[in-house]
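Worth saying up front: this structure is predicted, and the values here are computed from it rather than measured. The sequence lines fix the lettering, A, B, ..., with proteins before strands; numbering per chain opens at 1.
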Amino acid sequence: MKIMLNLFLHSPPHIKSEPENEELYHSPKHKNVKQWSLKVAKKFDFAEDEKFQLFFSYNLSDIKPKKKTKDKKGEVRADGKKKAKKEPEEKWKWWEEERYTDGVKWKFLEHKGPVFAPPYEPLPSNVKFYYDGRPMKLSLEAEEVATFFAKMLDHEYTTKDVFRKNFFKDWRKEMTSEEKAKITDLNKCDFSEMNEYFKAQSEARKAMTKQEKQKIKEENERLLLEYGYCVMDNHRERIANFRIEPPGLFRGRGDHPKMGMLKRRIRPEDIIVNCSKDSEHPKPPPGTKWKEVRHDNKVTWLVSWTENIQGAIKYIMLNPSSRIKGEKDWQKYETARRLKKCVDSLRAQYREDWKSKEMRIRQRAVALYFIDKLALRAGNEKEEGETADTVGCCSLRVEHLNLYPEKDGQEYVVEFDFLGKDSIRYYNKVPVEKRVFKNLQLFMENKQPEDDLFDRLNTTILNKHLQELMDGLTAKVFRTYNASITLQQQLKELTSENVSAKILSYNRANRAVAILCNHQRAPPKTFEKSMQNLQTKIDAKKEQLADAKRELKSAKADAKVRRDEKSKKAVETKKKAVQRIEEQLMKLEVQATDREENKQIALGTSKLNYLDPRISVAWCKKWGIPVEKIYNKTQREKFAWAIDMADEDFEF
DNA sequence: TGGTCAACTTAGTATTCAGACT
DNA sequence: AGTCTGAATACTAAGTTGACCA
């Protein structure tokens, strides 16, 4: 199994040092061997995953069950013979294999560990920091933190009080006692020279020659090849995030009390490595140690560390295309489909519960109604002052809704206005059933605006209840279910004739879901401009159309006078031209509509996380639309299981 | 019963890339 | 070839859920 690596380890011929100024901070050990073996690989044009094998102790083709026998690696390479071009290797269909049942996530796991952030590079001496108008040389530690702030100067974050306060407090912790004594007021700090330096740097980066850019690209590819994959149970799998988050200033979303705090640098001593006992364990950089190496095959992560802002654990895990993520995703949609089967009786049940004598049951039932009807999130309690003040269903407060017995010609209207996940505003006016309305009035009676709406309910209680109604049912299943069923229904309703119109319909259906789930985005910075460009195009096209019509008219007149074949033909040609231009115009207008409607709506999140991909795949197959029109490469990789297994009859 | 922690999914935004346009 | 733009990807914050413990 370890043939390859050993072979190379024993006989590296003159190990030419790698090109200078290469950023090899991440792969300090063995680099020459790897460097060399990579060169060999390139020279001989080995297939990609053969290159990959150079880095691992594990020889995939020895164990891959389905692969036809290939020649033994060792021999081929030993004599340096060029291999036949790899035939496109068939993709592993994990969805056709048996799954683990007992909570075991894998039997074998080998990887190379994380890639650390590059070390801090001190500023050149001509780039100065000024305090109170006078230049001041900072210690390395203080300087590094100062650069984090300097880089953000153009961002409005740095104008916020909380951000500045948190930053300054953490910055001072990094200062020497002299610096601390001197630097007492952030307002007297002048980072502008540093800021300009970084701007110049990024300009310089943009202005690099092709060659230089190419070199960086190649280095990144090499890094990806070595650190970007692991071996899990006989298969090479892509890792999602193999780089450790670099230090910097914490940027929370919304009104976050911790914005501006220093996110500290992660060292090997902070890292817990998870892999199998019998794998080749990743090595920490020379002179360092891992915090711990464990072998827990009941979890999916490869590396973890504790972050210092919230004390949360961060993980390195696999890509969505991996078996371990794919199975879970598939399972999620199967749970949602089971909900479909029982949702009617479940709805009947909570409607009954609106009448319950018990307050807790009424609250539970009304909350569930919101989760079902409005696709609200569960809404866990959060620690006050630790995070932005956001809520979900169970954590709604009285101040987040207004009740209108009658509004805009509708009865029993509830107006929601609150900040949800990521501090995205949820605003909605919905007519509800009378019983719900009465219940809400009751829940809000004698309460202050900042009191909980559902004071007898939390997510634990709700999910316990749901679990009793259906195995595997939790609040978030409703979001998945409602999103997917909405897509399916909309696709049935909206579909139209030609391909581009169909794709517009698909986007519309997708958009209906995004609106349901309140997936918003900031309007792109270039939005107005790009709309304008499109409008210019449309105007030009209109003019072109007018011209074409004029020409057609005169051709007709001409034909009337001349009455010969040639002029008749000319009329036909002009007619065609008008038609063609009309179509083009329509297409542009459709595009403009699509874009306008999408201004503040993000389709990606629902597409990636809520819509059963089999619905989309089935739709594509039914209408002969290439799946590439709907899913890009990454998405096709993530949804490979669905693309392979769904036929046009698939019903969610 | 409530609090904490761990593990995992979901989320918007910043950055990079690629290809259309000039 | 250089620039501009939208799409793809990278990044990492912010949720949900369930287990465990007192």
Side-chain angles (χ1 to χ4, degrees), chain A residues 103 105 152 155 202 205-207 210 213 216-217 220 224 228 240-246 248 250-254 256 258-259 263 272 274 296 298-301 304 306-307 309-320 324-325 328-329 331-332 371 376-383 386-388 390-395 419-424 458-464 466-467 472-480 483 514 517-527 529-530 533-534 537 591 595 598 600-610 631-635 637:
Chain A
K105 303 292 169 61
M152 296 178 75
H155 207 291
S202 84
R205 220 171 308 128
K206 274 186 215 150
K210 261 202 170 136
K213 283 182 183 167
I216 291 174
K217 204 174 160 191
N220 277 332
L224 175 68
N241 55 325
F242 56 90
R243 287 168 204 271
I244 299 279
E245 296 172 16
F250 176 77
R251 307 150 79 126
R253 314 255 168 92
H256 198 117
K258 298 194 172 181
M259 64 169 76
K263 200 168 104 162
I272 302 175
N274 193 33
D296 181 356
K298 300 277 172 71
V299 298
T300 67
W301 53 269
S304 75
T306 301
E307 156 269 347
I309 306 284
Q310 327 257 14
I313 307 172
K314 301 270 191 160
Y315 303 93
I316 291 183
M317 291 184 186
L318 297 193
N319 205 60
I324 213 158
K325 294 290 185 191
K328 200 79 186 296
D329 207 36
Q331 196 183 1
K332 172 181 80 187
I371 284 170
L376 301 190
R377 296 187 184 81
N380 284 303
E381 290 134 285
K382 305 167 78 187
E383 207 161 345
E386 295 293 299
T387 59
T390 63
V391 297
C393 186
C394 295
S395 50
L419 297 182
K421 182 177 178 181
D422 294 316
S423 293
I424 297 291
N458 61 37
T459 55
T460 311
I461 296 172
L462 182 66
N463 280 332
K464 282 240 170 76
L466 292 175
Q467 187 58 241
L473 188 61
T474 63
K476 85 189 188 78
V477 179
F478 283 88
R479 259 167 95 79
T480 313
C517 295
N518 200 39
H519 290 141
Q520 297 190 35
R521 61 171 184 174
K525 286 191 178 60
T526 54
F527 186 83
K529 201 175 157 197
S530 89
N533 288 346
L534 201 52
K537 272 191 195 170
Q591 200 186 342
R595 194 176 297 179
N598 249 6
Q600 302 196 68
I601 314 240
L603 301 188
T605 302
S606 50
K607 202 174 190 177
L608 238 44
N609 299 305
Y610 289 103
Y631 291 137
N632 68 29
K633 184 164 161 287
T634 319
Q635 294 167 162
E637 280 166 10

OP1 or OP2 of dC11(C) under 4.0 Å from side-chain N/O of Arg253(A): no
CG on Leu318(A) to CG on Asn241(A), rounded to 0.5 Å: 9.5 Å
Distance below 4.0 Å between Tyr315(A) side-chain N/O and dT9(B) OP1 or OP2: no
Side-chain N or O of Asn380(A) closer than 4.0 Å to phosphate OP1/OP2 of dT16(C): yes
Sugar-phosphate, base or nothing in reach of Gly420(A), heavy atoms under 4.0 Å: sugar-phosphate
Side-chain N,O (Thr460(A)) to OP1/OP2 (dT17(C)) below 4.0 Å: no
Nucleotide nearest Phe250(A) (side chain, heavy atoms from C-beta), chosen from dA14(C), dC8(B), dG12(B): dA14(C)
Side-chain N or O of Arg377(A) closer than 4.0 Å to phosphate OP1/OP2 of dA11(B): yes
Short side-chain N/O contact to dG6(C) OP1/OP2 from Ser530(A), under 4.0 Å: yes
Per Lys476(A) side chain, nearest of listed nucleotides dG12(B), dT12(C), dT10(B): dT10(B)
N/O (side chain, Arg479(A)) to phosphate O (OP1/OP2, dG15(C)) under 4.0 Å: no
Interatomic distance, Lys607(A) NZ vs dA8(C) C1' [rounded to whole Å]: 12 Å
Under 4.0 angstrom between Asn632(A) side-chain N/O and dA8(C) OP1 or OP2: yes
Distance-only donor-acceptor test (3.5 Å): side chain Lys421(A), base dT10(B): yes
Sugar-phosphate, base or nothing in reach of Lys633(A), heavy atoms under 4.0 Å: nothing
His256(A) side chain near dA13(C) phosphate (N/O to OP1/OP2, under 4.0 Å): no
Sugar-phosphate only, base, or nothing, as touched by Pro246(A) at under 4.0 Å among non-hydrogen atoms: sugar-phosphate
Residue Lys263(A), side-chain heavy atoms: nucleotide from dT17(C), dT12(C), dA8(C) that is nearest: dT12(C)
Parallel, tilted or perpendicular, as decided by the 30° and 60° cut-offs, for the rings of Phe250(A) and His256(A): perpendicular
Sugar-phosphate only, base, or nothing, as touched by Lys258(A) at under 4.0 Å among non-hydrogen atoms: nothing
pair Phe242(A)-Leu224(A): side-chain heavy atoms closer than 4.5 Å: yes
Sugar-phosphate, base or nothing in reach of Gly311(A), heavy atoms under 4.0 Å: nothing
Pair Leu608(A)-Gln635(A), side-chain contact (heavy atoms from CB on, under 4.5 Å): steps then yes or no: CA-CA 8 Å; Leu608(A) 238 44; Gln635(A) 294 167 162; 3.9 Å; yes
Touch class at under 4.0 angstrom, heavy-atom based, for Ala522(A) against every strand present: sugar-phosphate
Side-chain N or O of Ser423(A) closer than 4.0 Å to phosphate OP1/OP2 of dA14(C): no
dT9(B) OP1/OP2 closer than 4.0 Å to side-chain N/O of Asn609(A): no
Sugar-phosphate only, base, or nothing, as touched by Leu608(A) at under 4.0 Å among non-hydrogen atoms: nothing
Minimum-distance nucleotide to Asn463(A) side chain [options: dA6(B), dT17(C), dG12(B)]: dT17(C)
N or O in side chain of Lys325(A) less than 4.0 angstrom from dC8(B) OP1/OP2: no
Side-chain (Lys332(A)) to main-chain (Val477(A)) donor-acceptor, under 3.5 angstrom: no
Position toward the 5' end of DNA chain B (nearest nucleotide), Arg251(A) or Thr300(A): Thr300(A)
Short side-chain to backbone donor-acceptor contact, Arg521(A) and Asn598(A), under 3.5 Å: yes
Pairwise side-chain contact, Trp301(A) with Ile272(A), heavy-atom cut-off 4.5 Å (strictly under): yes
Whole angstrom value for the distance that separates C1' of dT17(C) from CG of Asn458(A): 13 Å
Below 4.0 Å: OP1/OP2 of dT10(B) and any side-chain N or O of Lys332(A): yes
5' priority, DNA chain B, between Thr480(A) and Lys537(A) [closest heavy atom]: Thr480(A)
Lys314(A) vs dA13(C): side-chain N/O to OP1/OP2 distance below 4.0 Å: yes
